[in-house]
Amino acid sequence: MGLFSALMGNAGTVENITLLKDYGKLLIANEEIELGFKLIRDTFIFTSKRLIVVDVQGLTGSKTEYVSISYKSISKFSVETAGTFDLDAELRIWVGSETFPSLRKKFNKSVNVFDVQNVLAHHVLG
């Protein structure tokens, strides 16, 4: 992920082995990491059972919130591809009957948003 893209808050793909090393303690038995992305300080991980959002908080980053979103609680989602002048793609997820997205994240062009859409569709619609 380029520095400019990182400074803009866009996410880039993270290797599963790195995610497992850093966040493996969050997983339950028979849960596997399928796909993960990292923003400057935050990470979101698609597993075989749920979506885990790692939200690093505060100026020093010493406080971290781990949010677990069950795939069955996701009512809808959208992915938006990057354009010619708009250099980032975007993911939006609605939980329950909320009017506005509960989760909204931007990716840089290195992320294949169709992979993200595929993982969500597999778990939410499957």
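In this text, all values refer to a predicted model and were calculated from it rather than measured experimentally.
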- Message: I'd like to know if Val67 and Ile74 are part of one continuous hydrophobic network [Ile/Leu/Val/Met/Phe/Trp/Tyr, side-chain heavy atoms within less than 4.5 Å].
- Response: yes
- Task: Hey, can you tell me if Phe46 and Tyr71 have their rings parallel, tilted or perpendicular (30° and 60° cut-offs)?
- Result: parallel
- Message: Nearest 0.5 Å, please: how far is CD1 in Ile93 from CG in Leu103?
- Response: 4.5 Å
- Task: State, with a plain yes or no, whether a side-chain heavy atom of Thr81 is found less than 4.5 Å away from one of Phe114.
- Result: yes
- Val14: partners by side-chain contact (heavy atoms from CB on, under 4.5 Å), with sequence neighbours left out: Thr18, Leu19, Lys38
- Item | Minimal non-hydrogen separation, Gly96 against Ser75, with atom names | O-OG, 2.5 Å
- Query: Atom CG in Leu120, atom CG in Leu51: separation rounded to 0.5 Å?
  - Reply: 7.0 Å
- side chain to side chain contact (heavy atoms under 4.5 Å, CB included) assessment of Val116 paired with Phe77: CA-CA 10 Å; Val116 175; Phe77 61 90; over 6 Å; no
- Query: Do Glu65 and Lys63 meet the salt-bridge criterion of a basic N to acidic O distance under 4.0 Å?
  - Reply: no
- Message: For Arg92 and Ser78, which I'm curious about, is there any donor-acceptor pair between the side chains at under 3.5 Å?
- Response: yes
- Note on the structure: OG1 of Thr13 to CG of Leu35, rounded to nearest 0.5 Å, is 6.5 Å
- Message: Within the 3.5 Å criterion, strictly below it, is a donor on Glu31 or Thr47 matched to an acceptor on the partner's side chain?
- Response: yes
- Report the relative orientation of the aromatic rings in Tyr66 and Tyr23; use parallel for angles under 30°, tilted for 30 to 60°, perpendicular for over 60°. perpendicular
- Apply side chain to side chain donor-acceptor pair (under 3.5 Å) to Arg50 and Ser68, showing your working. CA-CA 7 Å; Arg50 60 192 159 146; Ser68 241; 2.6 Å; yes
- Query: How many angstroms lie between NZ in Lys106 and CD in Glu80, if you round to the nearest 0.5 Å?
  - Reply: 8.0 Å
- Sorted by chain and number, sequence neighbours left out, side-chain contact (heavy atoms from CB on, under 4.5 Å) with Lys76 holds for Trp94
- Between Glu34 and His123: side-chain donor-acceptor atoms closer than 3.5 Å: yes
- Scan Asp55, Leu91, Val54 and name whichever one has a side-chain contact (heavy atoms from CB on, under 4.5 Å) with Phe44. Leu91
- Atom CG of Leu125: over 12 foreign heavy atoms under 6.0 Å: yes
- Looking at Asn16 and Ile33, what are the two nearest heavy atoms and their distance? ND2-O, 3.3 Å
- In terms of hydrophobic clusters joined by side-chain contacts under 4.5 Å, are Val119 and Val95 together? yes
- Task: Output, in order, the C-alpha distance, side-chain angles, deciding distance and verdict of salt bridge (charged side-chain N to carboxylate O under 4.0 Å, His left out) for Lys105 and Glu90.
- Result: CA-CA 6 Å; Lys105 297 290 181 182; Glu90 188 171 6; over 6 Å; no
- Message: Strictly distance-based, threshold 3.5 Å: is any side-chain N or O of Thr64 a donor or acceptor partner for the main-chain N or O of Val56?
- Response: no
